[in-house]
Amino acid sequence: MEPLKTLADAYRSFSRDPSFKKELANWLEQYAGRPTPLYFAGQLTRHAHGAKIYLKREDLLHGGAHKINNTLGQALLAKKMGKRRIIAETGAGQHGVATAMACAALGLKAEIYMGSEDIERQKLNVFRMKMLGAKVHPVESGSKTLKDAINEALRDWVTNVEDTYYLLGSVVGPHPYPTMVRDFQSVIGKEARRQILRQEGKLPNAVVACVGGGSNSIGIFHSFLNDPEVNLYGVEAGGHDMSPGKHAAPLVAGREGVLHGMMTYVLQNAEGQIETTQSISAGLDYPAVGPEHSYLMGVGRTKYVTQTDSEALNAFKQLSQLEGIMPALEPAHAISYATKLAKTLKKEDSIIVNLSGRGDKDVDTIARQLPH
Amino acid sequence: MQDNSLTDNPIEQKFRDLGKRSEGVLVAYLMGHDPDPKSFLANAISLIEGGADILEVGIPFSDPVADGPIIQAAGMRALSARATPRQILDTIGELSTQFTLPIVTLTYYNPILAMGIERFMRTASDSGVNGMVVPDLPMEEAEAFRDMALKHNLDSIYLAAPNTSTERLQNIVNKSKGFLYLVSLYGVTGPRDILSTQSLDTVKKVKLLARGKIPISAGFGISRPEHVSSLLRAGADGVIVGSALVRVVAEHLDDPGEAQDHLKKNIWSLKQASKTTGC
């Protein structure tokens, strides 16, 4: 509890400090490459035959995903707090890479926990982390994926709490992480709202984003929460099918529970044991979700749906061929749903999809699944 | 059923009784139904017969973030044997009809939530459980939980760590019942060879703050008789030994009889160390 209090206090004071904000804005612009474009996907729109589809191009950020928005913010905070050793968990490896980058740039030491199953399916990112100077710890416990990497990072943190900062990668875990990570990611929605108003002259009919832990989705949703005419859709991993253990959709198929210091929707059995999850995208392979999503669903502001592995693969192929953009498998779930949603809307409507990362990391997985 | 009147608190009574003899309370932990219900029952009886003063029974959770590899593996063994909270509480019920020592459970919050908090507490209380440790339920979030526990004659046992602030520690001292579970090091459960001076300093600090209001039991990393005597000399009222015992179970999965002999010997030597606190 004490380290969380210290962190919450530090975050509260730095997040109000104009010089911290200015420094972070500078890193985001000069190093990460913000703002990212809001791209009108004309070919995909024509193909879907419905509402205009816009892509928020977080895949163009340094490192290839939205994760850098958060890692720069937290690494800067860690540095101000005088911590020199940074630990992080990673699923797909994008957060690990983004942590390694931010730490290298800010002169901090990074150690990354990653499930051994994820290491196997995300070799490229493991290599990138090592090249960036980070140490990668394989996690062999439990299901050997993201949730176990979080467990291991928490165990490290309680052991080395005095000199170590835990840089959590999503809007999950105990307070203040869900709030802090959302704040750092909300830059996505702030830009997207401004951009769509400029490009379309009106707000979109819908915003669609994939949900694993839920950081890219909450980041883009947040600026639209007070626009009731904008429908917000989170797309969870439908995996193979919706039977227990075959998907990763806690909001659609889970129950209220407590995991990793948060009360939220969790995939669990009748006795409260956490279910294993399955998804073609390592970044969505998590049995719980950020508590703010649970809240937003509860009050009816957001809706959550699923798309299966094969639907995501089709969307990957479609976006690659129609637009020349290879999405990561995580946002491919959002692309898939948005394409279907577009068909139900009028041509003058628009949809924003958060294209949260690029697909280079997934080419091995995709090569195994798709004929080429 | 436990033989205790409603006005008395069996856990605190145990500390008082042993304290009068200048003897420390030895809390012995095992994972419930590890590796199976029958062996667990026999192992627990060995610990009780060997001299354990309080029995602490783990109820497994798939994601035990406060535990090191030894207890993680024990939880996995129990879950593989399809252990459920209800069945483990039933086994505790069997123990409490045969023995009078206080029994506490240790489990994470989600299995309790899944069973229903009130139903868990009622079942636990009916099975003779006297107290509960929930490592991922911080005191700040536990107001309703504590009130309900009181109603069911269950002690809410809170954890404190070396970095817990004085203010929060004061709160934990005021709100803990039974004993205060002092995590005497930075880290997760698991035996360490050497007891750090930090552990001893933490005990001294917390003892001073507790001012006799609540007994202090030190846990995490304790495996040897000399650890027990040092912690008691530093002022702890009790010690909790977990991973060192669970390791014995793990090392004798093929020969449960052997495990019971070793457990009995180990707990006996730890108990001897708790009798010579030198104060």
Side-chain angles (χ1 to χ4, degrees), chain A residues 1-9 89 113 115 139-164 166 173-175 245 254-277 286-288, chain B residues 59-69 72-73 75-76 78-80 82-88 107-117 120 134-141 158-169 171-172 183 185-190 192 198 220-221:
Chain A
M1 286 303 284
E2 290 318 320
L4 291 169
K5 271 187 194 160
T6 312
L7 177 60
D9 291 345
E89 82 297 337
Y113 287 91
V139 175
E140 301 287 351
S141 60
S143 60
K144 302 171 189 168
T145 60
L146 179 57
K147 88 173 162 73
D148 311 285
I150 295 178
N151 291 344
E152 229 34 73
L154 285 168
R155 289 175 185 129
D156 178 312
W157 199 30
V158 298
T159 309
N160 302 298
V161 64
E162 285 179 320
D163 70 337
T164 299
Y166 180 19
H175 178 73
R255 209 170 75 238
E256 200 178 88
V258 170
L259 179 69
H260 295 145
M262 59 178 167
M263 178 170 261
T264 187
Y265 280 84
V266 180
L267 291 169
Q268 53 184 312
N269 71 10
E271 271 85 41
Q273 307 299 340
I274 307 307
E275 293 276 15
T276 53
T277 52
Y286 182 61
Chain B
I59 294 174
F61 179 50
S62 52
D63 294 80
V65 291
D67 286 306
Q72 285 175 44
M76 286 302 145
L79 287 175
S80 304
R82 302 187 175 280
T84 66
R86 185 177 292 277
Q87 290 161 1
I88 292 173
T107 190
Y108 292 79
Y109 194 43
N110 205 50
I112 298 177
L113 207 58
M115 186 166 167
I117 299 171
F120 178 88
V134 188
D136 63 342
L137 181 64
M139 183 193 60
E140 290 81 353
E141 306 284 341
Y158 294 111
L159 287 89
N163 55 351
T164 301
S165 69
T166 306
E167 185 195 354
R168 186 159 188 266
L169 210 46
N171 225 338
I172 292 174
V183 176
L185 50 76
Y186 288 120
V188 293
T189 59
R192 306 335 190 237
Q198 183 198 37
F220 284 42

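Here is how names work: the chains are called A, B, and so on, in the same order as the sequence lines, proteins then strands, and each is numbered from 1.
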Which residue out of [options] racks up the most heavy-atom pairs below 4.5 Å with chain B?
| options | result |
| --- | --- |
| A:Val266, A:Val161, A:Leu154 | A:Val161 |
| A:Gln268, A:Arg155, A:Glu256, A:Met263 | A:Arg155 |
| A:Ser143, A:Gly257, A:Gly142 | A:Gly257 |
| A:Arg255, A:Lys5, A:Glu162 | A:Glu162 |

Can you tell which part of [X] gets under 4.5 Å to a heavy atom of chain A, answering side chain, backbone, both or neither?
| X | value |
| --- | --- |
| B:Phe61 | both |
| B:Pro64 | both |
| B:Leu137 | neither |
| B:Glu141 | neither |

### Query
Quick one: side-chain hydrogen bond (donor to acceptor under 3.5 Å, both in side chains) partners of A:Thr159, sequence neighbours excluded?
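A:Thr159 satisfies side-chain hydrogen bond (donor to acceptor under 3.5 Å, both in side chains) with no residue once adjacent residues are dropped.
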
Among [options], which has the most heavy-atom pairs under 4.5 Å with chain A?
| options | answer |
| --- | --- |
| B:Pro111, B:Ala161, B:Gly68 | B:Pro111 |
| B:Arg86, B:Met115, B:Glu140, B:Met76 | B:Glu140 |
| B:Ser165, B:Pro138, B:Ala73 | B:Ser165 |
| B:Asn163, B:Leu113, B:Leu185 | B:Asn163 |

So what's closer than 4.5 Å to chain B heavy atoms on [X]: side chain, backbone, both or neither?
| X | value |
| --- | --- |
| A:Leu259 | side chain |
| A:Asp156 | neither |
| A:Glu275 | neither |
| A:Ile274 | both |

When you compare the side chain of [Y] with that of [X], does any pair of heavy atoms fall below 4.5 Å?
| X | Y | answer |
| --- | --- | --- |
| B:Asn171 | B:Tyr158 | no |
| A:Glu89 | A:Tyr166 | yes |
| B:Ile59 | B:Phe120 | yes |

### Any donor-acceptor N/O pair, B:Tyr108 side chain to B:Ala66 backbone, under 3.5 Å
yes

### Query
Is B:Asp67 reaching over with its side chain to a backbone N or O of B:Gln72, donor-acceptor style, under 3.5 angstrom?
no

#### Entry: Atom pair CD/CD of A:Glu152 and A:Glu140 - distance to nearest 0.5 Å
10.0 Å

#### Entry: A:Asp148 and A:Ser141: side chain donor to acceptor below 3.5 Å
no

### Message
Can a side-chain donor-acceptor contact be found between A:Asn151 and A:His260 if the only test is distance below 3.5 angstrom?
### Response
yes

### Query
So, for B:Ile88 and B:Pro60, which heavy atoms are closest and what is the spacing to 0.1 Å?
CD1-CD, 3.4 Å

